[in-house]
Amino acid sequence: MSEPDGAGQANGTLRETIDRGGLSPDRRGPTITIGEILVEIMAAERGTGFLEPLTLTGPYPSGAPAIFIDQCARLGGSAGIIATVGDDDFGRVNTDRLTRDGVDVSAVAVDPAYPTGSAFVRYRPDGSRDFVFNISKSAAARLSLDGPARALIARAGHLHIMGTAFAIPAVADMLEEALATIRANGGSVSVDPNMRKELLQHGQTAERFSRAIAAADLLLPSGNELFVAAGIDGSEEEAVAALFDRGVREIALKRGEAGATWFGADGGRVDCAGFDVPEVDPTGAGDCFGGAFVACRRLGMEPARALDYANAAGARNVTVQGPMEGAGTLAELDAFIAATRRRP
Ligand code: ATP
Ligand code: MG
């Protein structure tokens, strides 16, 4: 994949890109993430719970880190994931999709004894969701940094961290090890704080989450997560300023159907109105937004252009049933942007 805005052919240019506050260029090595791969099986009809026979649709490839990395690769970013699936069709649904879309799955381990993780999902009439999860007793929870995982970390150029992972001590350990290695190799780091306040009650989780925030070049919070990440309850501007004081260099704030805003540590700000689309299935919007934004920035795009693609990636994904079924290529997102009105 060529680099749209010519992010650094020579070493000098490469250094300039980093000093300007950008993420490490794509050619420095893949964006990687660590976490759960799942299948999602969805109730066809809205309603409450799973207490009677239902028409179900799926399995769809899923898991927040998987959705993120799939969108990153579809957009043309180099990408890889460290995860574990079972030796079953639910695992193959995922590895086949990720492979088709260009994700390096060399560090996706196949556990011989445990099934692939799953989430049964049913939307309630008000848009909230009921779940039946099989994650903690599935292959998804049997993550470890084996040889292939360490090899992927060694060649990575960027680490993307899901904040929720800090609630699982073993995964937090792996993320911290990956973060140290990737930093030492000159790579960059993004964090999707998707962390609820309640999960931060455990002292260690809060401390590790806070360290990850301070280590991030880029934060991708959604709504209230901005304040959870900043650790303050002030205005949006105060929360943003507090995060820049801690070393963060850019923030892409997700605003659901209202679009998104980018803030730069240099005082820059870009607002992007949401696309006017019918919301068929909101699952995965935030992860597609993140995967697209990180890929675009690493491919050398300026923040405004990257934000536009990220905004389009999130919006396009909500128009399709299934958590990553709407992830778009650059050409698909260009077509979507050209054909879709923005909300006033
Ligand atoms: P998730 O539900 O996956 O956790 P999130 O809460 O992290 O998502 P959202 O703000 O819901 O993030 O969505 C991410 C981005 O996707 C938004 O900033 C916007 O660009 C786009 N998006 C999400 N929902 C819609 C919608 N209904 N219409 C248009 N764009 C949307
Ligand atoms: Mg979110």
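Predicted model, so just to flag it, every value in this text is computed and none were measured.
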Charged N-O contact under 4.0 Å between [X] and [Y]:
{"X": "Asp308", "Y": "Arg305", "value": "no"}
{"X": "Asp173", "Y": "Arg208", "value": "yes"}
{"X": "Asp266", "Y": "Arg249", "value": "no"}
{"X": "Arg100", "Y": "Asp70", "value": "no"}
{"X": "Arg122", "Y": "Asp130", "value": "no"}
{"X": "Arg316", "Y": "Glu325", "value": "no"}
{"X": "Asp217", "Y": "Arg183", "value": "yes"}

Validation row: [X], [Y] side chains within 4.5 angstrom (heavy atoms):
{"X": "Arg97", "Y": "Met324", "result": "yes"}
{"X": "Ile182", "Y": "His158", "result": "no"}
{"X": "Glu36", "Y": "Met162", "result": "no"}
{"X": "Val277", "Y": "Thr340", "result": "yes"}
{"X": "Pro61", "Y": "Val39", "result": "no"}
{"X": "Asp101", "Y": "Leu98", "result": "no"}
{"X": "Pro282", "Y": "Tyr123", "result": "yes"}
{"X": "Val85", "Y": "Val108", "result": "yes"}

Determine whether [X] and [Y] fall in the same hydrophobic cluster, where Ile, Leu, Val, Met, Phe, Trp and Tyr are linked whenever their side-chain heavy atoms lie under 4.5 Å apart.
{"X": "Phe120", "Y": "Met42", "answer": "no"}
{"X": "Ile34", "Y": "Phe209", "answer": "yes"}
{"X": "Leu243", "Y": "Ile232", "answer": "no"}
{"X": "Ile67", "Y": "Val103", "answer": "no"}
{"X": "Leu299", "Y": "Leu333", "answer": "yes"}

When rounded to the nearest 0.5 angstrom, what distance separates [atom1] in [X] from [atom2] in [Y]?
{"X": "Ile41", "Y": "Ser62", "atom1": "CD1", "atom2": "OG", "value": "10.5 Å"}
{"X": "Gln71", "Y": "Thr329", "atom1": "CD", "atom2": "OG1", "value": "9.0 Å"}
{"X": "Ser190", "Y": "Phe68", "atom1": "OG", "atom2": "CZ", "value": "5.0 Å"}
{"X": "Phe166", "Y": "Glu207", "atom1": "CZ", "atom2": "CD", "value": "12.0 Å"}
{"X": "Leu143", "Y": "Ile82", "atom1": "CG", "atom2": "CD1", "value": "8.5 Å"}
{"X": "Glu176", "Y": "Leu159", "atom1": "CD", "atom2": "CG", "value": "11.0 Å"}

[X] and [Y]: side chain donor to acceptor below 3.5 Å:
{"X": "Thr31", "Y": "His160", "answer": "no"}
{"X": "Arg129", "Y": "Thr283", "answer": "yes"}
{"X": "Ser78", "Y": "Asp26", "answer": "yes"}

Where is the tightest heavy-atom contact between [X] and [Y], given as atom of each residue plus distance?
{"X": "Ser118", "Y": "Leu38", "result": "N-CD2, 4.0 Å"}
{"X": "Pro115", "Y": "Asn134", "result": "CG-ND2, 4.0 Å"}
{"X": "Cys296", "Y": "Tyr309", "result": "SG-CB, 3.7 Å"}
{"X": "Ala66", "Y": "Ile37", "result": "CB-CG1, 4.1 Å"}
{"X": "Leu220", "Y": "Phe289", "result": "CD2-CE2, 4.0 Å"}
{"X": "Leu218", "Y": "Ala252", "result": "CD1-N, 4.1 Å"}

Show, in sequence, the C-alpha distance, side-chain angles and deciding distance for Thr116 and Asp88, and conclude whether the side chain to side chain donor-acceptor pair (under 3.5 Å) test is met.
CA-CA 7 Å; Thr116 299; Asp88 52 33; 2.6 Å; yes
Take atom [atom1] in [X]; do more than 12 heavy atoms of anything else shown fall under 6.0 Å from it?
{"X": "Gln204", "atom1": "CD", "value": "no"}
{"X": "Asp233", "atom1": "CG", "value": "no"}
{"X": "Tyr114", "atom1": "OH", "value": "no"}

Should Ser144 and Asp146 be marked as a side chain to side chain donor-acceptor pair (under 3.5 Å) after you check the CA-CA gap, both sets of side-chain angles, and the distance that decides it?
CA-CA 6 Å; Ser144 67; Asp146 57 7; 4.9 Å; no
Do Phe263 and Phe244 make the cut of ring centroids closer than 6.0 angstrom?
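Not under 6.0 Å, so no.
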Please walk me through it: do Ser188 and Arg298 pass side chain to side chain donor-acceptor pair (under 3.5 Å)?
CA-CA 10 Å; Ser188 48; Arg298 297 200 64 215; 4.7 Å; no
